[in-house]
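Below you'll find the structure, written out as C-alpha cells, and then a few comments.
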Protein chains: 2
Amino acid sequence: MDISTLRLFVEVMRRQSFTKVAKTDRMAPSSVSRAIASLETELGTRLFQRSTRKLEPTEAGLRYFERVAPLLEELTEAGMMVADSVGRPKGTLRVSAPTVFGQMFLMPVVSELHQKYPDLTVELLLNDAYVDLVGERIDVAIRLGTLSDSSYIARRVRTIKYYICASPEYLKRQGTPTTPQGVARHECLLFPRGEYSLSWLFRDAAGNVEEVQIRGRCLITNSESIRQCALSGMGLALLPDWLIEPDIESGKLQTLFDDYEVTATDYDSAIWILQPSRAYVPLKARVFVEHFLD
Amino acid sequence: MDISTLRLFVEVMRRQSFTKVAKTDRMAPSSVSRAIASLETELGTRLFQRSTRKLEPTEAGLRYFERVAPLLEELTEAGMMVADSVGRPKGTLRVSAPTVFGQMFLMPVVSELHQKYPDLTVELLLNDAYVDLVGERIDVAIRLGTLSDSSYIARRVRTIKYYICASPEYLKRQGTPTTPQGVARHECLLFPRGEYSLSWLFRDAAGNVEEVQIRGRCLITNSESIRQCALSGMGLALLPDWLIEPDIESGKLQTLFDDYEVTATDYDSAIWILQPSRAYVPLKARVFVEHFLD
DNA sequence: TCCATTTATGCATTTTACGCAAAACATAAT
DNA sequence: ATTATGTTTTGCGTAAAATGCATAAATGGA
C-alpha cells in the first residue's frame with residue numbers, strides 16, 4: 001500500500017470527487033479511480049458508494065477516514081521532524097496572506113528566504129477570502145483585523161493604527177476638517193464591510209469616544225483601490241498604517257487627526273500570524289516567521 | 001513512499017540488520033538496502049550509520065522510529081477495523097502458545113475456525129520460550145503458570161490443578177505413598193525450573209502447608225517428556241490437569257493426594273489468555289478467544 | 001429521451017521494482 | 001600483515017506495475 005494512495009483517499013473524502021482531486025493533483029481521473037479501488041480490495045471493503053453523479057462515503061469509509069487522516073498528518077510531521085534535523089529548512093512552505101499585504105511585505109521575505117535556503121520552496125497564496133489552514137495544508141498565515149475562529153496558534157504581531165488621510169491637493173481644494181464632526185461634511189471613501197462602517201469612531205487622548213456619521217458615494221471592498229482613490233484626490237479615506245506609510249513619507253497622502261484613535265469598527269485591529277496547531281512546528285515555518293518579524 | 005518501506009525501516013530498527021530482515025521477509029538484502037536508501041533520500045537524512053559489520057541508528061533515525069512505529073500500528077489497526085466491518089474475520093491471525101498445550105487444545109480450535117471462516121489464516125506459533133507479543137505481532141497468546149510481564153491485556157481462564165501421578169504398574173511395584181512425607185522415599189520425575197522445584201508443597205483442606213523434599217534422578221525441562229516417563233512407570237510426577245486428563249480417564253495414570261493442593265512453586269498457576277493492549281481488538285482475535293473458551 | 005458529467009476499463013507505453021551476481025568493505029582471526 | 005567472513009551496496013537484465021489516453025458505461029437532470 002502506498003502512502004500517496006492514502007493521501008488520495010483522504011483528499012477524495014474531503015473533496016467528494018475523483019475528478020476534482022485528480023485535477024489538483026495533476027493526474028488522470030482513472031488513476032484516482034484505480035487507487036481507491038486498490039485500497040478497497042486491500043481492505044476488503046468498499047470505501048465509497050459511487051455512481052456517475054454521486055460519490056458517497058461508506059460507513060466503513062468514514063470510519064477509516066477518521067482514523068487515517070490524523071495518522072497521515074502525524075506521519076508528515078514525523079518526516080519533517082527528521083528532515084529538519086539536518087539544520088537547513090527544505091521542502092515546500094505554504095503561506096497564506098491578504099493580497100495587498102502579501103505583495104508589500106511578504107515578497108521581500110520570500111526572496112530573502114529563497115536566497116538563504118536554496119532547498120526551500122515557498123508557495124505564497126494571496127487571497128482575501130477565508131481559507132482553512134489544515135484543509136489547505138497552510139503552514140503560516142497572516143491575518144489582519146480581528147480573529148474569528150481560533151483553533152490555530154495565533155500570535156499578535158502589532159496593533160494596526162488607522163489613519164484618516166487624503167491627498168494634499170484634495171485638502172487644499174475642499175479644506176481640512178479640524179473637528180471629528182467636520183469630517184461629516186466631507187466626501188469619504190468607504191469600505192463597506194457588512195453592516196457597520198457607515199460611521200467612524202474617534203477616541204481622543206482622554207478616552208472619550210465620538211461617533212461621526214460618514215457620507216460618501218464611493219464604496220469599494222478593496223483597501224488598495226480606496227488608497228488609489230485617495231491618492232487621486234477623491235476624498236477622505238480611513239486606511240491602515242501599513243498600507244499608506246510610503247505615501248505619507250513621500251507626501252502623497254496627508255494624515256488627519258493623528259492624536260485620535262480612529263476606527264471603522266469598535267474592535268481593535270491587529271496583524272496576526274497564524275499557524276495550524278500541531279505537535280511539531282516545522283523548521284521552515286519557524287524560519288519564515290523569524291524573517292517576517294525581522 | 002510505500003508503507004511497506006516504513007515497515008521495513010521499523011523492522012530493521014528492531015533487528016539491527018538488513019539481511020536478517022530480508023530473510024524473514026523473504027526478499028533480497030539488496031531490496032532492503034534500496035528501500036532504506038530511498039527512504040533516506042526522501043527524508044533528506046541518513047537513518048542508519050552503517051558499515052559492513054555494524055548497523056547503528058542515526059539520531060534522526062531513532063527519532064523517526066519512535067514516531068513512526070506507533071503510527072504503523074495504528075494504521076494496521078484502522079485497516080483491520082474497516083475490514084472487520086464486513087462481519088467475517090479474515091486475514092492472518094498469529095497465535096502463540098506453549099508447544100504441548102497448543103497441540104492438545106489449539107489444533108481443534110484452528111481447524112474449527114478454518115472451516116467456519118474460509119478467509120481466515122491462522123499461524124500457530126508453538127514454542128515455550130518467551131515471546132514479545134508486539135514485536136512478533138502476535139494477536140493472541142496462551143500462557144501457563146504465573147504472569148511475569150503484563151503490559152498486555154491478560155484474562156485468566158482457569159486455575160491449573162497439579163496432580164501427583166504415576167502409572168498403576170509403578171504403584172503396584174513400589175507401593176502407594178499415603179502421607180506427603182511418604183513421597184520423599186519415591187523416585188520422582190522433576191521439572192527443574194530454575195532455583196525451586198526440588199520440593200513439593202502440599203496444602204490440605206484445612207490450609208496447612210507441608211513442604212516435602214523431593215528426590216529424583218530424572219530431570220527434564222519438558223512436561224510432555226515427564227508425562228511419557230510417568231506413563232512408562234519411571235516414578236511419581238507432578239503434572240498439570242490439562243496434560244494428563246486423558247491418561248487419568250483411560251486409567252494409564254493414577255492420581256494421588258487428590259484432596260491436597262500440590263504445587264512445585266508457591267505461586268498459584270493458571271491458564272491465561274494474553275492480548276497486546278491496543279485500542280481496537282480485531283475481530284479475528286475476538287473470534288479465536290471465543291472459540292477457545294468454547 | 002437525450003445530454004452532460006463522472007467513474008471505470010482496455011490498451012500501449014513508460015517507469016519502476018526485483019533478484020541475482022559480483023563488488024566493496026569493515027572487522028575479526030590467524 | 002594478511003586472510004577470512006559476513007554484510008551492505010551496486011550493476012544489470014528481466015519482470016511487473018503504474019500511468020495516461022481513449023473510450024465505454026452509467027446516471028441523474030433537462
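Order of the sequence lines fixes the chain letters, A, B, ..., with proteins taken first and strands second; residue numbering starts at 1 for each chain.
Electrostatic pairing of A:Arg227 and A:Glu224 counts as a salt bridge here, judged by a charged N lying under 4.0 Å from a carboxylate O. B:Glu40 and B:Arg50 are joined by a salt bridge, as a carboxylate oxygen and a charged side-chain nitrogen come within less than 4.0 angstrom of each other.
Summarising the geometry, the separation between CG on A:Asp25 and P on D:dG20 is reported as 11 Å, rounded to the nearest angstrom. Between B:Lys54 atom NZ and C:dA24 atom P there is a gap of 23 Å when expressed in whole angstrom units. Taking atom CG on A:Asp2 and atom P on C:dT16, their separation rounds to 13 Å, with Å as the unit. Atom CZ in B:Phe48 sits about 19 Å away from atom P in C:dA26, given to the nearest Å. For the pair A:Arg46 CZ and C:dT7 P, the interatomic distance rounds to 12 Å; values are reported in whole Å. Atom CG in A:Leu55 sits roughly 14 Å away from atom C1' in D:dT27 (whole-Å rounding). Between B:Gln49 atom CD and C:dC25 atom P there is a gap of 15 Å when expressed in whole angstrom units. Put simply, NZ on B:Lys23 is 15 Å from P on C:dG19, counting in whole angstrom units.
Taking a 6.0 Å sphere around CZ of B:Arg278, one finds it holds more than 12 heavy atoms contributed by other residues, nucleotides or ligands.
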Write down the protein N/O and nucleotide N/O pairs, taken from nucleotides 24-26 of chain D, whose separation is under 3.5 Å; answer none if there are no such pairs.
residue: D:dA26; atom: N3; partner: A:Thr52; partner atom: OG1; Å: 3.3

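A tilted orientation is assigned to the rings of A:Tyr64 and A:Phe9, their planes being inclined by 30° to 60°. Using bins of under 30°, 30° to 60° and over 60° for the plane-to-plane angle, the ring pair A:Phe288/A:Phe292 lands in the parallel bin.
Counting only residues at least two apart or on different chains, the salt bridge (Lys or Arg N to Asp or Glu O under 4.0 Å) pairs with a member in residues 13-32 of chain A are A:Glu11-A:Arg14.
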- Task: Kindly determine whether A:Ile142 and A:Ile273 satisfy side-chain contact (heavy atoms from CB on, under 4.5 Å), including the steps that lead there.
- Result: CA-CA 5 Å; A:Ile142 307 291; A:Ile273 296 183; 3.9 Å; yes

- Task: With side-chain contact (heavy atoms from CB on, under 4.5 Å) as the test, would you mind laying out the steps for A:Leu125 and A:Val131 before giving the verdict?
- Result: CA-CA 10 Å; A:Leu125 307 168; A:Val131 287; over 6 Å; no

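Heavy-atom minimum distance, B:Leu126 versus B:Pro98: CD2-O, 4.0 Å. B:Leu133 and B:Tyr152 make their closest contact through N-OH, 3.3 Å (heavy atoms, listed as atom of the first residue, atom of the second, distance).
Of the residues in residues 30-44 of chain A, those lying under 4.0 Å from DNA chain C by heavy-atom distance are A:Ser30, A:Ser33, A:Arg34. Near-neighbour residues of DNA chain D inside residues 14-22 of chain B, defined by a heavy atom below 4.0 Å, number-ordered: B:Ser17, B:Phe18, B:Thr19.
Taken to the nearest 0.5 Å, the CZ atom of B:Arg286 stands 12.0 Å off from the CG atom of B:Leu93. To the nearest 0.5 angstrom, B:Met81 atom CE is 8.5 Å from B:Ser85 atom OG. Annotation: the span from A:Lys284 atom NZ to A:Arg94 atom CZ amounts to 10.0 Å, rounded to 0.5 Å.
Overall, the helix from C:dT1-D:dA30 to C:dT30-D:dA1 carries an axis bend of 30° between its ends, with five pairs at each end and the value rounded to 10°.
Put simply, B:Arg50 has a side-chain N or O that comes within less than 4.0 Å of OP1 or OP2 on D:dT9.
A:Tyr280 pairs by the ring pair (Phe, Tyr, Trp, His ring centres under 6.0 Å) definition with nothing, not counting sequence neighbours.
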